[in-house]
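Heads up, the thing below is written out as structure tokens.
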Amino acid sequence: MYTQPMLKEGSLKNKVIVVTGGGSGLGKAMSIYFLQLGARVAITSRNLEKLEKTAQELHQKTGGEVLAVACDVRQYHQVEEMLQAVLEKWGRVDGLLNNAAGNFISPTERLSAGAFDVIIDIVLKGTKNCTLAFGKHWIKEKQEQATVLNIVTTYAWTGSAYVVPSATAKAGVLAMTRSLAVEWAKYGIRFNAIAPGPFPTKGAWDRLLPGDLKEKFDFKKKIPVGRVGEHQELANLAAYLMSDFSAFVNGEVITIDGGEWLKGAGEFNMLEAIPEHMWDMLEAMIRGKKK
Ligand code: HXC
Ligand code: NAP
């Protein structure tokens, strides 16, 4: 069931949505579903060749209108140009999905200042650049409704060792989401975030689980529901948050991780390791103390 499309046909009809990092991985998966639901979608990232190939593929798959625009989200002027390209093509924009990211595992003491910066610049500054440019446009045009959806991670609030620049940046994106949800609601702009657990993509796995780390640190083992995420179930959630069905959801971060982060957090969750037959003995020991 969770690999099936969820929303009814036409749920995003007439909407123009920009997906940063839409040429690959989760951005591509969400773009496909937005198109299937009737949206027109601009996919944007640094690599135009990759984007054009993806745009062609998405158009063939869905019959929808796709625009590929090169834009490094770290550069504010490029973001403004990307927005102009979308407006020239379709005359409006309704949704922004801040999905572009950079990340790699490393002990923090091994990072140069530039290595720390590159992640902060793509994730936090990139999200800020897009949000500011699009927000100014919507406010100036007095557009009635617009939606920003930010992709964070569960370690935006728990933090995580070995991906410290990413955790720092995603925490900032989450703070931005919640802050602007309140400040810009008066302009009709909604802000929400999704915090995915592991959803295998080439971009993430190459940088987070290189070589045989994939086998050594199998994510499935630390996820209570016993599996990693399917792209369609993330796309279902993203489409709902982009659509008018979620009009009263504002400032929310929705976790979609099979219970992974809570498993790491709960004080006694390690008792999962105790086999069924030992519970009789443990119960007897506890009850015995009462006497
Ligand atoms: C240490 C590194 C490094 C590494 C790069 N650097 N890789 N340092 N370990 N593995 C350093 C460089 O030496 C340089 O330092 C600085 O970082 C910038 O590197 P560049 O290669 O010049 O940067 P750039 O070409 O802009 O590439 C950005 C990138 C790259 C982030 C380094 O990996 C990239 O393009 N990533 C985009 C896609 C991506 O990361 N996807 C995964 C998202 S997954 P100096 O000192 O010379 O400046 C994700 C999932 C989270 O977020 C949750 C999962 C469960
Ligand atoms: P991905 O395929 O590597 O996606 C990252 C995208 O960002 C790429 O398309 C990349 O395209 C683009 N990008 C990177 N730097 C950019 C820049 N400076 N300007 C514009 N675009 C840039 O990885 P993914 O797994 O799909 O990740 C997508 C999102 O999900 C990210 O926000 C990530 O943090 C989040 N996430 C993923 C997982 C997971 O398990 N996969 C879990 C939690 C959260 P170019 O290289 O062409 O620029």
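Values reported hereafter were calculated over all heavy atoms of this structure, with side chains retained and with hydrogens, waters and symmetry mates removed. Counting starts at 1 for both ligands and their atoms, in listed order.
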Next item on the list: Write down, by chain and number, every protein residue that brings a non-hydrogen atom to less than 4.0 Å from an atom of ligand 1.
Entry: Arg46, Arg74, Ala101, Gly102, Asn103, Phe104, Ser112, Gly114, Ala115, Val118, Ile119, Thr153, Tyr155, Gly203, Ala204, Arg207, Leu208
Could you tell me whether the side chains of [X] and [Y] share a donor-acceptor contact shorter than 3.5 Å?
X	Y	result
Asn99	Thr20	no
Trp90	Glu65	yes
Thr131	Asn98	yes

Notebook entry, point to check: What residue pairs, at least two apart or across chains, pass salt bridge (Lys or Arg N to Asp or Glu O under 4.0 Å) with a residue in residues 230-242?
Noted result: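 Only Arg227-Glu233 qualify under salt bridge (Lys or Arg N to Asp or Glu O under 4.0 Å).
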Margin query: Can a donor-acceptor pair be found, under 3.5 Å and without considering hydrogens, that links the side chain of Asp94 to the backbone of Val16?
Written below: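 It does hold such a pair.
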Item checked: Side-chain donor or acceptor of Asp244 paired with backbone N/O of Ala247 under 3.5 Å -> no
Note to self: Can you work out which protein residues put a heavy atom within less than 4.0 Å of ligand 2?
What the structure shows: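 Only Gly21, Ser24, Gly25, Leu26, Ser45, Arg46, Asn47, Lys50, Cys71, Asp72, Val73, Arg74, Asn99, Ala100, Ala101, Ile122, Ile151, Val152, Thr153, Lys170, Pro196, Gly197, Pro198, Phe199, Thr201, Gly203, Ala204, Trp205 have heavy atoms that fall under 4.0 Å of ligand 2, ordered by chain and number.
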Item checked: Exceeds 12 heavy-atom contacts within 6.0 angstrom, atom CD of Glu215 -> yes
Next item on the list: Could you list all the ring-ring contact (aromatic ring centres under 6.0 Å, His included) pairs where at least one residue sits in residues 238-271, not counting sequence neighbours?
Entry: Trp157-Trp261
Next item on the list: Check the pair Val19, Thr44 against side-chain contact (heavy atoms from CB on, under 4.5 Å), reporting the backbone distance first and the verdict last.
Entry: CA-CA 6 Å; Val19 180; Thr44 175; over 6 Å; no
